[in-house]
Amino acid sequence: MTSQAAPRRDTTAPWQRAATGANLLSPDGSLGVTIFEEMTALAASTGAINLGQGFPDEDGPAEIRAAAQEAIAAGANQYAPGKGVIELRQAVARHQERFYGLTPDPESEVIITTGATEAIAASLLAFVQPGDEVLTFEPFYDSYGAIISMAGATHVTAPLLAPDFMPDMAALESAFGPRTRVVLLNNPHNPTGAVFPREVLESVVRLAERHDAIILTDEVYEHLTFDVRHIPVASIPGAEHRTITISSAGKTFSFTGWKVGWVTGPSQLVAAVRTVKQFLTYSSGTPFQSAIAVGLDLPDTFYDDIASTLKRKRDILAAGLEAAGLTVMMPRGTYFINADTSPLGIKDSVDLARRLPQLVGVAAIPVPVFCHPEGAERTKSLLRFAFCKKEPVLVEAAARLATLKDRL
Ligand code: PMP
Ligand code: GLN
């Protein structure tokens, strides 16, 4: 890891080629699926414990599930309004006010999307055009690179540096330029588990103001933080007029399959996102929306409990990974842990991830897939493990991983 790492402007990463469609037609289809799909399929075919793709092995609150069933029974089964059902837009606004003191207008400053994934796609397609640059930290969530590429924009990255995965501020500053149209943040950060402190967010806002860039911020893990409070970048002075915030019900409520997300921000930016959204999905699943409105209004104890339960799970898996001889980079948020496999002599975590299910019966995600080539080199011995699983499952996974050093 070097603190001098330079931002890169890369146009040839494999997933970017995949995003153009070319590699989706490759004879073996090898680049046609995401790493999450690939590793989940591998876990299923080998019977491995799946700590790869991030989804919980227990459903969320019964009252939210019941609300969806009631909505279906009551006939909420036709198209929702394009911007989302009003109960959910109002609940999103109440949630923003309760936790962050932000007061988006449910009529003009909130829209509901088909997961955060659609919100990211609609926002990028709304704001960027060929020739524009979109700046993200690196490693970065996989859909960012794909959508930036589909929008014909250039993806510029600034590195997050292990072990705490904070940005190199000099590299961040030099990654901004006259063509920077959007800075796409992810906080808490997947895959590293970093939670960015106020100073980092303030620097990003200052740089975005200086370069007149839009801030697009993906905060789907907003409630999954450990001993540190999430700060929405929209709450930083100077950010409010240029920030679109994205969140989703998948992580907070453990209903990843429902694909309910939302976008909040100034009405002019939200209207642009809505325009694109109309032509992606038009509207999103009606009965799930009113059910998530019930979820957002759950009492503070619900939110405290999800964080404290996950923290216990994090600690179980972290101890297991350390005992297995890996070096853990302790996350402050999300449900992912990065671990360095180099103490076991591993030099290529992509290769290891493909063999791990057969070797020890555990699946994980290699961190280099979230990077352009230079970042992949910096992270080439890192694996990401998801800990959103039942405690006995994590204990068993740790026991299996403890055998890794003898099986390599
Ligand atoms: N952003 C990040 C950082 C994620 O980890 C995920 C995965 N849940 C998403 C967006 C996509 O969220 P959704 O499932 O709501 O589309
Ligand atoms: N966000 C999930 C993860 O990082 C995966 C979602 C997906 O499969 N696209 O594991």
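Owing to the predicted nature of the structure, the values given are computational and were not obtained by experimental measurement.
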Open item on the list: With a 4.5 Å cut-off on side-chain heavy atoms, are V204 and L185 touching?
Closed with: yes
Open item on the list: If the threshold is 4.0 Å, N to carboxylate O, is there a salt bridge linking D315 and K311?
Closed with: no
TODO: Might you point out which heavy atoms bring P191 and V367 nearest each other, and give the distance in Å?
DONE: CG-CG1, 4.4 Å
Task: NZ/NE/NH1/NH2 to OD/OE distance under 4.0 Å, E209 and R206 - done: no
- [ ] Decide side-chain contact (heavy atoms from CB on, under 4.5 Å) for V273 and I111; before the verdict, give the C-alpha distance in whole Å, the side-chain angles of both, and the deciding distance to 0.1 Å.
- [x] CA-CA 9 Å; V273 178; I111 57 168; 3.8 Å; yes
TODO: Examine K251 relative to F55 and say whether NZ or CZ is less than 6.0 Å from the centre of the six-membered ring and inside a 45° cone about the ring axis.
DONE: no
TODO: Give the ring-plane orientation class for Y335 versus F387, where under 30° counts as parallel, over 60° as perpendicular and anything between as tilted.
DONE: perpendicular
- [ ] Give the minimum heavy-atom separation between V205 and P237, together with the two atoms involved.
- [x] CG1-O, 3.7 Å
Open item on the list: Any heavy-atom pair between the side chains of Q268 and P266 that's under 4.5 Å?
Closed with: no
- [ ] Could you check if a side-chain atom of L135 sits within less than 4.5 angstrom of a side-chain atom of L184, using non-hydrogen atoms only?
- [x] no
Open item on the list: Donor-acceptor pair, distance only, cut-off 3.5 Å: does the side chain of R198 make one with the backbone of I231?
Closed with: no
TODO: Run the salt-bridge test on R98 and D297 with the 4.0 Å N-O cut-off and return the result as yes or no.
DONE: no
TODO: Starting at CD1 of I49, measure out to CZ of R400 and round the result to the nearest 0.5 Å.
DONE: 4.0 Å
Open item on the list: If we ignore hydrogens and angles and just use 3.5 Å, is the side chain of T113 paired with the main-chain N or O of A116 as donor and acceptor?
Closed with: no
Task: Between D218 and Y144, a side-chain donor and acceptor under 3.5 Å - done: yes
- [ ] Look at D212 together with R181 and state whether they make a salt bridge at an N to O cut-off of under 4.0 Å.
- [x] no
TODO: With rounding to the nearest 0.5 Å, note down the distance linking CD in E63 to CD in E70.
DONE: 11.0 Å
Open item on the list: Could you check whether any side-chain heavy atom of L88 comes within less than 4.5 Å of a side-chain heavy atom of V260, counting everything from C-beta outward?
Closed with: yes
Open item on the list: Please report the interatomic distance CG(L383) to CG(L321), rounded to the nearest 0.5 Å.
Closed with: 9.0 Å
TODO: Please determine if D59 and R65 form a salt bridge, counting it only when a charged side-chain N lies under 4.0 Å from a carboxylate O.
DONE: yes
Open item on the list: For a 4.5 angstrom cut-off between non-hydrogen side-chain atoms, does P366 reach L352?
Closed with: no
- [ ] Could you tell me the separation between the CG atom of L224 and the OG1 atom of T334, rounded to the nearest 0.5 Å?
- [x] 7.5 Å
- [ ] To the nearest 0.5 Å, tell me how far I337 CD1 sits from M330 CE.
- [x] 6.0 Å
Open item on the list: Quick test of your reading of the model: are E58 and K389 salt-bridged, counting only N-O distances below 4.0 Å?
Closed with: no
- [ ] Could you label the plane-to-plane angle of the H223 and Y100 rings as parallel, tilted or perpendicular, counting under 30° as parallel and over 60° as perpendicular?
- [x] parallel
Open item on the list: Could you check whether any side-chain N or O of E240 sits under 3.5 Å from a backbone N or O of G238, counting only pairs where one atom can act as donor and the other as acceptor?
Closed with: yes
Task: T301 and D304: side chain donor to acceptor below 3.5 Å - done: no
Open item on the list: Looking only at the side chains, is there a donor atom on one of N338 and T192 sitting less than 3.5 Å from an acceptor on the other?
Closed with: no
Task: I148 side chain reached by V128 side chain, heavy atoms, under 4.5 Å - done: no
- [ ] Could you go through the side-chain contact (heavy atoms from CB on, under 4.5 Å) check for R384 and N190 one step at a time?
- [x] CA-CA 9 Å; R384 188 198 82 173; N190 179 10; 2.8 Å; yes
TODO: Spell out, as yes or no, whether a donor-acceptor pair under 3.5 Å connects the side chain of S248 to the backbone of G261.
DONE: no
TODO: Could you tell me whether K259 and E118 have a side-chain N and a carboxylate O separated by less than 4.0 Å?
DONE: no
Open item on the list: Consider side-chain contact (heavy atoms from CB on, under 4.5 Å). Of E202, R332, M166, which one does F196 pass it with?
Closed with: M166
- [ ] Classify the angle between the aromatic ring planes of H189 and F137 as parallel (below 30°), tilted (30 to 60°) or perpendicular (above 60°).
- [x] perpendicular
Task: Interatomic distance, T217 atom OG1 to L201 atom CG [nearest 0.5 angstrom] - done: 7.5 Å
Task: Residues E377, K380; criterion salt bridge (charged side-chain N to carboxylate O under 4.0 Å, His left out); working and verdict - done: CA-CA 5 Å; E377 187 59 27; K380 65 185 177 192; 2.8 Å; yes
Task: Smallest separation among heavy atoms of A213 and T180, with atom names - done: CB-O, 3.8 Å
Task: Backbone of I72 reached by a side-chain donor or acceptor of N77 within 3.5 Å - done: yes
Open item on the list: With heavy-atom distances below 4.5 Å as the criterion, would you say the side chains of I365 and F36 are in contact?
Closed with: yes
Open item on the list: Using ring centroids (six-membered ring only for Trp), state whether H230 and F99 fall under 6.0 Å.
Closed with: no
Task: Stepwise salt bridge (charged side-chain N to carboxylate O under 4.0 Å, His left out) test for K83 and E109 - done: CA-CA 10 Å; K83 58 186 176 181; E109 296 179 328; over 6 Å; no
Task: Heavy-atom pair of closest approach, residues L310 and C388 - done: CD2-CA, 4.2 Å
Task: Whether over 12 other heavy atoms sit under 6.0 Å from Q358 CD - done: no
Open item on the list: Can you see whether E222 engages S247 through a side-chain donor-acceptor pair at a distance of less than 3.5 angstrom?
Closed with: yes
TODO: List the steps and the verdict of side-chain contact (heavy atoms from CB on, under 4.5 Å) for V263 and T245.
DONE: CA-CA 6 Å; V263 166; T245 304; over 6 Å; no
- [ ] Could you pull out the closest heavy-atom pair between G375 and C371, with the gap in Å?
- [x] C-CB, 3.6 Å
TODO: May I ask you to decide if I306's main-chain N or O and T309's side chain share a donor-acceptor pair within less than 3.5 Å?
DONE: no
TODO: Measure across V294 and A67 and return the closest heavy-atom pair with its distance rounded to 0.1 Å.
DONE: CG2-CB, 3.9 Å
Open item on the list: When you measure from the side chain of S308 to the backbone of D305, do you find a donor-acceptor pair of N or O atoms at a distance under 3.5 Å?
Closed with: yes
Open item on the list: Quick check against the 3.5 Å criterion: does E219 have a side-chain atom that pairs as donor or acceptor with the backbone of N187?
Closed with: no
Open item on the list: Regarding T281 and K277, do their side chains bring together a donor and an acceptor under 3.5 Å, going by distance alone?
Closed with: yes
- [ ] Please confirm whether the backbone N or O of A271 pairs with a side-chain atom of T275, one donor and one acceptor, at under 3.5 Å?
- [x] yes
Task: Check: S284/T114 side-chain N/O donor and acceptor closer than 3.5 Å - done: yes
TODO: Scan side-chain atoms only and decide if H155 and T136 contain a donor-acceptor pair under the 3.5 Å cut-off.
DONE: yes
- [ ] State, without any angle test, whether E87 and S290 hold a side-chain donor-acceptor pair at a distance under 3.5 Å.
- [x] no
Open item on the list: Measuring only between side-chain heavy atoms, which start at C-beta, is F253 closer than 4.5 Å to F302?
Closed with: yes
- [ ] Mind telling me whether W258 and F288 have parallel, tilted or perpendicular rings, with 30° and 60° as the class edges?
- [x] tilted
TODO: Assess whether side-chain contact (heavy atoms from CB on, under 4.5 Å) is satisfied between I214 and L269, documenting all intermediate values.
DONE: CA-CA 9 Å; I214 293 171; L269 297 183; 4.1 Å; yes
TODO: May I ask you to decide if A151's main-chain N or O and Q129's side chain share a donor-acceptor pair within less than 3.5 Å?
DONE: no
